[in-house]
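Just so you know, ligand 1 is whichever comes first in the structure, and atom 1 is the first atom listed for that ligand.
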Amino acid sequence: MPLRIDILTLFPEMFEGFVGESMIRIAQEKGLVDICLTDIRDFSRDRHQKVDDTPYGGGPGMVMKVQPVVDCIEAVVERDRRRGPIVLMTPQGEVFHQRQAHAFAERADRLILVCGHYEGFDERIRAFCDMELSIGDYVLSGGEVPAMVVTDAVVRLVPGVLGDETSPHDESFSDGYLEYPQYTRPPEFRGMAVPDILLSGHHAEIEKWRREQARVRTRQRRPDL
Ligand code: ADE
């Protein structure tokens, strides 16, 4: 059964390139994931298909209405018997990390991502979601790019998506270290040489060098890790 990722958004067209290209497209073609987009606007009961309104109490901007979003969530949940976390994308959520990506890829068989938009959303929407995720301490114009970030980070960890099964565990963050430096041909470029050890063919020594480089790099750049 492929991992099903539902994305609820007012802007499904924003995802066309993302789901139609590269790793996500290949993962879908291999039958490993199923990305399902749903337009929240289809659930508006308004004559003009309105999905936002002015805030109670006044103030600038528009607020996403609770009814279309909640009706959309409920309809999407019912489309598949499998249950999975309903995740609201918001800068007020818990910050998304690699370990959360692993948890979703390894434990969930379904993920429902809800993209907020406009200046905000009706607070009552929160009650219909299981968790809230932020991709970092900055404010974007909507949850669409964050939903793509989470989808990309999760899908590439689904077994079989990347050709090489070992590579996701090698890389930055998975073991708490940043990735070691990598090189490919040519052996020298504008006076910058590839470290001799990598051309030596001594696999055990290369392993040791890489582990050490990962440690040094992490200490220098991200001592917080
Ligand atoms: N929506 C707007 N900004 C966001 C962020 N940083 N993370 C998740 N959702 C958001």
From Leu88, Leu113, Thr90 - option closest to atom 9 (N) of ligand 1 by heavy atom: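 Considering heavy atoms of Leu88, Leu113, Thr90, the nearest to atom 9 (N) of ligand 1 sits in Thr90.
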
Given 3.5 Å as the limit, does a donor-acceptor pair link the side chain of [X] with the main chain of [Y], or not?
X: Arg222; Y: Leu178; value: no
X: Thr9; Y: Phe11; value: yes
X: Glu144; Y: Pro12; value: no

Atom indices of ligand 1 within 4.0 angstrom of Gly142 heavy atoms, with elements: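 Matching atoms, with element in brackets: 1 (N), 2 (C).
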
Per-atom contacts of ligand 1 with Leu133, taking only distances under 4.0 Å to non-hydrogen atoms: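 Result: 8 (C).
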
Side chain, backbone, both or neither: the part of Asp137 lying under 4.0 Å from ligand 1 by heavy atom: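 Neither; no heavy atom under 4.0 Å.
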
Pro91 and ligand 1 - part of the residue with a heavy-atom distance under 4.0 Å: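 Within the 4.0 Å criterion, Pro91 contacts ligand 1 through backbone and side-chain atoms alike.
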
Hphob cluster co-occupancy, Met131 + Ile125, side-chain heavy atoms under 4.5 angstrom: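 Result: yes, single cluster for both.
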
Taking the non-hydrogen atoms of [X], is any one of them nearer than 4.0 angstrom to ligand 1?
X: Gly93; result: no
X: Val145; result: no
X: Gly116; result: no

Polar-atom distance check: [X] versus ligand 1, any N or O pair below 3.5 Å?
X: Val139; result: no
X: Leu140; result: yes
X: Ile135; result: yes

Identity and separation of the nearest protein heavy atom to atom 6 (N) of ligand 1: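 Checking every protein heavy atom, the shortest distance to atom 6 (N) of ligand 1 gives Tyr138 O, 2.8 Å.
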
Nearest non-hydrogen partners of Thr218 and Gly176, listed with the distance: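 The answer is CG2-O, 4.1 Å.
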
Ala147 versus Leu113, closest heavy-atom pair with distance: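 Smallest heavy-atom distance, with atoms named: O-CD1, 3.7 Å.
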
Ring-face cation contact, Tyr177 with Arg217, 6.0 Å cut, 45° max: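 Cation-pi check for Arg217 and Tyr177: fails.
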
Validation row: Ile197, Ile206 side chains within 4.5 angstrom (heavy atoms):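 SC-SC contact between Ile197 and Ile206 confirmed.
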
